[in-house]
Amino acid sequence: MMGEATKFFDEMVERGILPNEVTYNLLIDGHCREGNTVRAFEFFDEMVKRGLVHDTYTYRPLISGLCSTGRVSEAKTFVDDLHKENYKLNEMCYSALLHGYCKEGRLHDALGACREMIERGIDMDLVCYAVLICGALKQQDTGRLFGLFNEMHNQGLRPDNVIYTSMIDVYGKRGKLDKAFGVWDIMVGEGCLPNVVTYTALVYGLCKAGYMDKAELLCKDMLVGDTLPNHVTYGCFLDHLSKEGSMEKAIQLHNTMLAGLSANTVTYNILIRGFCKMGKFQEASDLLVEMTANDRGLKPDILAYNFLIYGCCVTGELAKAFELRDDMMKRGLKPDRVTYNTLIHGTCLTS
DNA sequence: ATAGGGTTAG
């Protein structure tokens, strides 16, 4: 809600209350989370003009922001420049950079940055290890995975919930359910309790492999374990049902969810995609209306529109597809590459 | 007084 935050900032300045480092760091973090790194760096510069000092609370969001907008090399340059000019960074700043590299599948560069971090006198902590372990898992680099576990162990650090969950997630997505359950057993054996995220990762794996019945049983187990399935957990079921074309069952589950946990943009998108793939544009379109109803307050995003446009294209209703394109622009959503590819594909099919 | 890693959609 950066619009709101900015209003308060303006009000504060107007009333003569001087913003300090905390004020600026919060705004910088917020803008970065919204992907507006340009605005964030404007505040970064403004701090200097006001005589305010940057610290790791300022740097960390900027590094994350650059990484999440696809500019990991700029993030690296930023980090290196700060180091050269003797500004102190900490493990949180570095873990943000490592995360950026790993998300792009650049484990090798992450390990390089890690070495530099250690040379610069900053110790790896559990989060740094978690990020690298997740990277090694996704790259299927077993050698480095074991190396990291060993190193972590030698530093006296034990894997936690998050690390175990990453493993379960990756193995589950790859259909290696035996391995996923193996990790689960180790985790429980270590006295580390699975939470809703852990359960959900396993539920997704089970659904994907076609074991919906087992996934349902796992949800019942959750209740015993004093955790509750959330909208993400239900999203896994919706995803699977939609992919196999069981839209009736999916809607049934969706309606059950509406009674308790509220659906979010992702769960609506899963359903919209499902109907569109089956050529049921009307049902998909009704869901768009449902999600925007006042009491839900959800905003359709580019994905929802792209699915709907796809739905029109496959049924040959090209005029409607272009109407939707206009409609999304009116809502301030910029058509992206997928939007245009879908429209081009639809036009080719029709003419 | 402000931070980082793990779960659902193309």
Side-chain angles (χ1 to χ4, degrees), chain A residues 5 19-30 32-33 55-65 67-68 89-100 102-103 110 124-135 137-138 159-170 172-173 183 187 192 194-205 207-208 222 227 229-243 250 253 257 261 263-274 276-277 300-310 336-339 341-342:
Chain A
N20 65 2
E21 276 88 351
V22 177
T23 326
Y24 275 92
N25 290 343
L26 287 166
L27 286 166
I28 287 170
D29 189 31
C32 286
R33 282 173 201 274
D55 63 6
T56 57
Y57 286 92
T58 327
Y59 305 136
R60 208 260 339 138
L62 289 164
I63 296 162
S64 296
C67 288
S68 63
L89 295 168
N90 64 7
E91 68 285 355
M92 301 217 184
C93 300
Y94 279 95
S95 66
L97 180 63
L98 304 183
H99 190 222
C102 287
K103 259 198 327 202
M124 296 263 290
D125 68 357
L126 194 62
V127 175
C128 292
Y129 279 108
V131 168
L132 294 175
I133 284 170
C134 187
L137 277 164
K138 289 186 173 156
D160 67 355
N161 210 308
V162 175
I163 292 176
Y164 286 124
T165 303
S166 306
M167 300 180 78
I168 291 168
D169 173 54
V170 169
K173 284 199 170 82
V183 173
M187 173 178 179
C192 196
N195 63 11
V196 62
V197 183
T198 322
Y199 274 100
T200 302
L202 201 49
V203 162
Y204 184 84
C207 284
K208 195 180 177 204
M222 285 181 78
T227 46
N230 63 14
H231 57 286
V232 183
T233 322
Y234 286 111
C236 298
F237 287 99
L238 292 178
D239 181 51
H240 184 72
L241 290 167
S242 299
K243 279 180 181 154
L253 180 58
M257 279 174 65
L261 299 150
N264 69 357
T265 309
V266 179
T267 54
Y268 272 103
N269 283 350
I270 293 169
L271 294 167
I272 290 171
R273 179 203 62 192
C276 287
K277 289 226 160 162
D301 60 6
I302 300 181
L303 260 78
Y305 274 98
N306 287 350
F307 292 140
L308 287 163
I309 289 170
Y310 174 83
D336 65 3
R337 181 164 49 198
V338 177
T339 319
N341 281 351
T342 310

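Computed from a prediction, not measured in an experiment: that's the story for all the values here. In what follows, chains carry the letters A, B, and so on, assigned in the order in which the sequence lines appear, proteins first and then strands, with residues in each chain numbered from 1.
Among the heavy atoms of the strands lying under 4.0 Å from Tyr57(A) is at least one base atom, whether or not backbone atoms are also near. No engagement by Lys208(A) is indicated, since no non-hydrogen atom pair under 4.0 Å with the nucleic acid exists. Across all strands, Thr233(A) comes closer than 4.0 Å to no nucleic acid atom at all (heavy-atom distances). Ser95(A) comes within contact range of at least one nucleobase, with a heavy-atom separation under 4.0 Å. Residue Arg337(A) is classed as having no contact, given no heavy-atom separation below 4.0 Å to the nucleic acid. Asp29(A) comes within contact range of no nucleotide atom at all, as no heavy-atom separation falls under 4.0 Å. Residue Ser64(A) is classed as having no contact, given no heavy-atom separation below 4.0 Å to the nucleic acid. The residue Asp239(A) sits close only to the backbone: its heavy atoms come under 4.0 Å of sugar-phosphate atoms, none of a base. Among the atoms of the strands shown, none is found under 4.0 Å from any heavy atom of Asn341(A). Phe307(A) comes within contact range of the sugar-phosphate backbone alone, with a heavy-atom separation under 4.0 Å but no base atom that close. Counting non-hydrogen atoms under 4.0 angstrom, Leu98(A) reaches nothing in the nucleic acid.
Boundaries of the chain A contact region on DNA chain B are dA1(B) to dG10(B), first to last in 5' to 3' order (nucleotide atom under 4.0 Å from a heavy atom).
Every salt bridge (Lys or Arg N to Asp or Glu O under 4.0 Å) that Asp169(A) has, sequence neighbours left out, goes to Lys173(A).
Across all non-hydrogen atoms, the minimal contact from Pro194(A) to Thr227(A) is O-CG2, 4.4 Å. When all heavy atoms are compared, the tightest approach of Cys128(A) to Ser95(A) is SG-CB, 3.9 Å. Here the closest non-hydrogen pair linking Asn306(A) and Thr342(A) is O-CG2, 4.5 Å. What you find for Lys277(A) and Tyr310(A) is that their closest heavy atoms are CA-CE2, 4.3 Å.
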Stepwise side chain to side chain contact (heavy atoms under 4.5 Å, CB included) check, Met187(A) with Asn161(A): CA-CA 8 Å; Met187(A) 173 178 179; Asn161(A) 210 308; 3.7 Å; yes
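Ser242(A) and Asp239(A) share no donor-acceptor pair across their side chains, judged by distance under 3.5 Å alone.
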